Amino acid sequence: AQTVTQSQPEMSVQEAETVTLSCTYDTSESDYYLFWYKQPPSRQMILVIRQEAYKQQNATENRFSVNFQKAAKSFSLKISDSQLGDAAMYFCAYHTNAGKSTFGDGTTLTVKP
Amino acid sequence: NAGVTQTPKFQVLKTGQSMTLQCAQDMNHEYMSWYRQDPGMGLRLIHYSVGAGITDQGEVPNGYNVSRSTTEDFPLRLLSAAPSQTSVYFCASSYGRGETQYFGPGTRLLVL
């Protein structure tokens, strides 16, 4: 069974600064997909970024980028130029080819003005 | 497009009662999943489906049943509610394997 670990229950960042959220996972599969989702206080889950395991290039989406280290089974999220609207709970998720998903327990990000 | 819709938004049940949480999507997605989210925790997979007529168990399936008779609908049935099933339930759908999941707004369930 796959496991996803987010070792930082809470993080804070100053507005306009950069923050990195950590995620590690355990799997014996070679083909899978990794995601970061954001959950603001509204509870609506929103995609932040997606990475395909067979792609070596790290995914980037505007101010959000990942550092994907397949051998180390690490998938960290970097948020640059943090904004007040980035405050939320962030979940790392692992998706298998069979359609099953495993989520980490989340990191609560606070953005200080 | 309405996306993924869930009803009801909030429900209170007594121990032993049964109910069905409804989930529908209008994006013609093949994959659908049900999750529960307990306070301060991530989402745990209850059941999932990779197409009409095909369902499988996730991490925490006990006490829940699902069926998928159409591509659009994926109801979750609680057979005999227990206080341990108090949680927020999310339904999600995606176009295919490894694709982004789109989530419904969630159903808050309180079992007394």
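Owing to the predicted nature of the structure, the values given are computational and were not obtained by experimental measurement. In the text below, chain A, chain B and the rest are named by the order of the sequence lines, each starting its count at 1.
- For A/Tyr37, the part lying under 4.5 angstrom from a heavy atom of chain B is the side chain only.
- If you measure heavy-atom distances from A/Phe103 to chain B, the contacts under 4.5 Å come from both the backbone and the side chain.
- At a 4.5 Å heavy-atom cutoff, the contact between A/Arg50 and chain B is made by side-chain atoms alone.
- Distance alone, capped at 3.5 Å, places no donor-acceptor pair between the B/Ser93 side chain and the B/Met32 backbone.
- Checked by atom type, the side-chain pair A/Tyr94/A/Glu29 shows a donor-acceptor distance below 3.5 Å.
- Residues B/Tyr102 and B/His29 place their aromatic rings such that the two centres sit under 6.0 Å apart.
- Using a 4.5 Å cut-off between heavy atoms, B/Glu99 contacts chain A through both its backbone and its side chain.
- Most heavy-atom pairs under 4.5 Å with chain B, from the set A/Gln39, A/Arg43, A/Gln44: that is A/Arg43.
- Checked by atom type and distance alone, the side chain of B/Gln17 pairs as donor or acceptor with a backbone atom of B/Lys14 at under 3.5 Å.
- For A/Thr102 and A/Tyr25, the side-chain atoms include no donor-acceptor pair closer than 3.5 Å.
- Chain B forms the most heavy-atom pairs under 4.5 Å with one residue out of A/Cys92, A/Ala53, A/Ala98, and that residue is A/Ala98.
- A distance-only check finds a donor-acceptor pair linking the side chain of A/Gln51 to the backbone of A/Gln57 [under 3.5 Å].
- Considering only heavy-atom pairs separated by less than 4.5 Å from chain B, the leading option among A/Glu52, A/Gln6, A/Met45 is A/Met45.
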